[in-house]
Amino acid sequence: MIEKFSDYESVGFISSCGDFTFTVKSCELKDSKAGNPMVVIDVEADEGKSTLYFSLSPKARWKYNNFIKACLHDRLDTPDKIKAFQLDYETIHTELIDKKFIGHVIADTYEKEIKTLLDDGTFDTDYQEVTTYKIDTYDFVK
């Protein structure tokens, strides 16, 4: 099987902050660990790839609405169009594939616990600061 060498050069995750144009590559309806429906969306930009997770619980749908408005900005560009728009939250994701949106990428820093096995069988615990980059799902660039 012939494959493109450069496809395996790196994992391609986003590695910097900024506003980037993403394309929706795939969407899947799943159940969360708590058993609630959610949508998992894989997106890609020239700067890297990311995965977005949106709960479909009524209290969390506003975040998904922000994403839908960013992807369907040409259909949801006025308050009247937004008010009249109807959708099925469990199937709208199929319309989003290949849609483009501008995502604001932010740095997320956390401390990772690192345990080292000592000669006496106990562990030494140390902490390392790790920075990852993610799309801010609270507010998409308009």
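Side chains included, hydrogens not; waters and symmetry mates left out as well; all remaining heavy atoms used. By convention here, the first residue in the shown sequence is residue 1.
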Tell me the closest heavy-atom pair linking [X] and [Y], and the distance in Å.
| X | Y | result |
| --- | --- | --- |
| I14 | G48 | CG1-C, 3.9 Å |
| L76 | K81 | CD2-O, 4.0 Å |
| C27 | I97 | SG-CG1, 4.0 Å |
| C17 | Y133 | SG-CE2, 3.7 Å |

About how many Å separate CG of L52 and OH of Y64, when rounded to the nearest 0.5 Å?
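Here the rounded value is 10.5 Å.
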Test side-chain contact (heavy atoms from CB on, under 4.5 Å) applied to D88 - qualifying residues, sequence neighbours left out
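Per chain and number, D88 pairs via side-chain contact (heavy atoms from CB on, under 4.5 Å) with E90, T91.
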Set of residues satisfying side-chain contact (heavy atoms from CB on, under 4.5 Å) with respect to D120, sequence neighbours excluded
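With neighbours one apart ignored, the set is L118, T122.
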Any donor-acceptor pair under 3.5 Å linking the side-chain atoms of D42 with those of S26?
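A pair is found: one side chain offers a donor N or O, the other an acceptor, under 3.5 Å apart.
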Mutual orientation of the aromatic rings belonging to F101 and F140 [parallel < 30°, tilted 30-60°, perpendicular > 60°]
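Answer is perpendicular, since the angle exceeds 60°.
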Can you tell me how the ring of F20 sits relative to the ring of F22, calling it parallel under 30°, perpendicular over 60° and tilted otherwise?
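It falls in the perpendicular class, over 60°.
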Using only atom types and a distance under 3.5 Å, with no angle test, would you say the side chain of N66 pairs donor to acceptor with the backbone of Y138?
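Answer holds: yes.
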Would you find more than 12 non-hydrogen atoms of other residues, nucleotides or ligands less than 6.0 Å from K63 atom NZ?
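Yes - once you tally the heavy atoms of other residues, nucleotides and ligands closer than 6.0 Å, there are more than 12.
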Should V39 and I92 count as side-chain neighbours, where that means a heavy-atom distance under 4.5 Å?
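V39 does not reach I92 side chain to side chain.
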